[in-house]
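See structure below.
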Amino acid sequence: MSALQRFGAGVNRADFIPERIWIRPEGEQLRPLDRTDDPELWAEHVADEESVVTQVSRDANGMLWPTSSSSALHTMRQMIEAAELEPDLNVLEIGTGTGYNAALMADLGVRVTTVEIDPELAAAASAALERTGFADRVTVVNCDGEDGAPEQAPFDRVIVTAAARTIPYTWIEQTSDGGRLVIPYSGPECAGALLVLDVAEGTATGRAVGDAFFMPLRGQKQPQSVLRAERAPDALRRLRITVTRTGQNVALAPTA
């Protein structure tokens with residue numbers, strides 16, 4: 001059995017999910033669900049394939065919005081497959097969240113440095129990774145993910161679990177020649193696209209390989225009108241992107 005065929009088999013998602021999660025019953029806004037109040041319902045949501053909201057904030061209108069979550073399992077698999085992970089690679093993850101995704105990658109035999117901007121989330125993830133025996137394979141860094149992790153660079157792979165409309169060149173700079181980045185894109189050309197960029201001589205080039213809707217990097221928030229805007233026809237298939245030290249170029253390739 002290959003590593004990806006046993007994806008997740010060595011890691012229990014429930015070990016990384018906090019006691020309080022947030023659910024959205026049909027027709028309602030987000031509401032808290034505490035494990036002690038309804039352990040069966042909590043376990044049902046955690047065992048589900050979909051994302052689990054683990055942190056929220058309230059806007060000026062009193063609405064609750066997710067600020068962190070454990071990503072849907074199919075999305076995690078899609079991104080890990082796109083990264084083409086191999087044992088002993090050095091991987092940078094931007095957006096630690098619960099630490100579950102970092103543990104999944106470590107379980108595949110790679111070394112992971114995971115960066116989390118929120119100190120409370122970073123501390124909780126570190127504790128979970130320690131409890132589950134992954135602390136020796138995963139290093140948690142509490143800083144702004146747009147800065148990467150220069151002390152642990154260079155990286156063979158970079159996996160980003162927050163959407164970026166502007167890809168920091170820092171990530172490319174910290175990626176080895178021949179390395180790969182997997183990034184959810186939130187730019188107006190094709191919001192919700194999953195980008196795969198390959199690095200050669202300090203330049204990252206690539207395209208979209210599928211859909212991936214993530215919460216944005218905290219320094220790159222955008223209006224919902226942009227994130228939910230209708231795409232141009234075949235935008236996902238036509239999206240091309242190049243990132244250099246001087247900036248990024250995003251274009252939709254001409255239709256055939």
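- Separating the NE2 atom in His45 from the CD1 atom in Ile23 is a distance of 4.0 Å, to the nearest 0.5 Å.
- In terms of modelled atom types and a separation under 3.5 Å, the side chain of Ser186 and the main chain of Arg165 share a donor-acceptor contact.
- Closest non-hydrogen pair, Pro150 versus Gly148, comes out as CD-C, 3.8 Å.
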Margin query: If you apply the rule side chain to side chain contact (heavy atoms under 4.5 Å, CB included), what do you find for Thr113 with Val141, and how did you get there?
Written below: CA-CA 7 Å; Thr113 298; Val141 179; 3.9 Å; yes
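- Residues passing the salt bridge (Lys or Arg N to Asp or Glu O under 4.0 Å) test with Glu50: none are found, sequence neighbours excluded.
- Between Gly145 and Ile94, the closest heavy-atom pair is O-CD1, 3.4 Å.
- Atom-to-atom distance recorded for Arg240:CZ and Asn249:CG is 12.5 Å, nearest 0.5 angstrom.
- In the hydrophobic cluster analysis, where Ile, Leu, Val, Met, Phe, Trp and Tyr join through side-chain heavy atoms closer than 4.5 angstrom, Leu197 is grouped apart from Ile159.
- Leu89 and Val115 fall into different hydrophobic clusters, defined by Ile, Leu, Val, Met, Phe, Trp and Tyr side-chain heavy atoms under 4.5 Å apart, directly or through other members.
- In terms of heavy-atom proximity, Ala125 sits nearest to Gly97 at CB-O, 3.7 Å.
- Under a hydrophobic-cluster definition in which Ile, Leu, Val, Met, Phe, Trp and Tyr are linked whenever side-chain heavy atoms come within less than 4.5 Å, directly or via other members, Met76 and Val112 are assigned to the same cluster.
- Scored by the side-chain contact (heavy atoms from CB on, under 4.5 Å) test, Asn90 finds Arg111, Phe155, Asp156 as partners (sequence neighbours excluded).
- The same ILVMFWY cluster, assembled from side-chain heavy atoms under 4.5 Å apart, contains both Val46 and Leu33.
- Sorted by first and then second residue, the salt bridge (Lys or Arg N to Asp or Glu O under 4.0 Å) pairs with a member in residues 82-102 read Glu84-Arg180; sequence neighbours excluded.
- Listed by chain and number, the hydrophobic cluster partners of Ile117 come to none, as no ILVMFWY side chain reaches under 4.5 Å of it.
- Not counting sequence neighbours, the partners of Glu201 by the side-chain contact (heavy atoms from CB on, under 4.5 Å) test are Asp177.
- A donor-acceptor contact shorter than 3.5 Å links the side chain of Thr54 to the backbone of Ser68.
- Nearest heavy-atom pair, Ala164 versus Ile183, reported as atom, atom and distance to 0.1 Å: CB-CG2, 4.2 Å.
- When the side chain to side chain donor-acceptor pair (under 3.5 Å) test is applied to Arg58, no partner is found at least two apart in sequence or on another chain.
- Atom-to-atom distance recorded for Leu236:CG and Leu252:CG is 10.0 Å, nearest 0.5 angstrom.
- Without hydrogens or angle criteria, Arg13 side chain to Ser70 main chain gives a donor-acceptor distance under 3.5 Å.
- Side-chain atoms of Glu189 do not come within 3.5 Å of backbone N or O of Val250 as any donor-acceptor pair.
- Within the structure, every pair that satisfies the side chain to side chain donor-acceptor pair (under 3.5 Å) test and touches residues 144-153, not counting sequence neighbours, is listed here: Glu146-Gln220.
- Scanning for side-chain contact (heavy atoms from CB on, under 4.5 Å) contacts around Val56 gives Trp22, Leu30, Val53, Leu64, with sequence neighbours left out.
- The CG atom of Asp136 sits 9.5 Å away from atom OG1 of Thr139, with the distance rounded to the nearest 0.5 Å.
- Considering every non-hydrogen atom in both Asp59 and Trp65, the closest pair reads OD2-NE1, 2.8 Å.
- Within the model, atoms CG of Leu181 and OG1 of Thr175 stand 4.0 Å from one another, a figure rounded to the nearest 0.5 Å.
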Please report, to 0.1 Å, the donor-acceptor pairs under 3.5 Å made by any side chain of residues 202-217, with sequence neighbours excluded.
residue : atom : partner : partner atom : Å
Asp211  : OD1  : Arg231  : NH1          : 2.9
Asp211  : OD1  : Arg231  : NH2          : 2.9

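- When the side-chain contact (heavy atoms from CB on, under 4.5 Å) test is applied to Thr132, the partners found at least two apart in sequence or on another chain are Asp15, Phe16, Phe134.
- Between the CZ atom of Arg157 and the CD1 atom of Ile80 there is a distance of 12.5 Å, given to the nearest 0.5 Å.
- No side-chain heavy atom of Val158 sits under 4.5 Å from any side-chain heavy atom of Gln174.
- In terms of heavy-atom proximity, Ala106 sits nearest to Val138 at CB-CG2, 3.7 Å.
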Note to self: What verdict does the side chain to side chain contact (heavy atoms under 4.5 Å, CB included) test give for Ile167 and Val160, after you've listed the backbone C-alpha separation in whole Å, the side-chain angles of each residue and the deciding distance to 0.1 Å?
What the structure shows: CA-CA 10 Å; Ile167 297 170; Val160 183; over 6 Å; no
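- Screening residues 114-133 for salt bridge (Lys or Arg N to Asp or Glu O under 4.0 Å) gives Asp118-Arg218 as the qualifying pairs, with residues at least two apart or on separate chains.
- At a threshold of 4.5 Å between side-chain heavy atoms, the hydrophobic network of Ile, Leu, Val, Met, Phe, Trp and Tyr places Val199 and Val196 in two separate groups.
- Note on residues 31-46: pairs passing salt bridge (Lys or Arg N to Asp or Glu O under 4.0 Å), not counting sequence neighbours, are Glu19-Arg35, Arg20-Asp34.
- A 4.5 Å side-chain heavy-atom check between Met105 and Arg137 finds every atom pair outside the cut-off.
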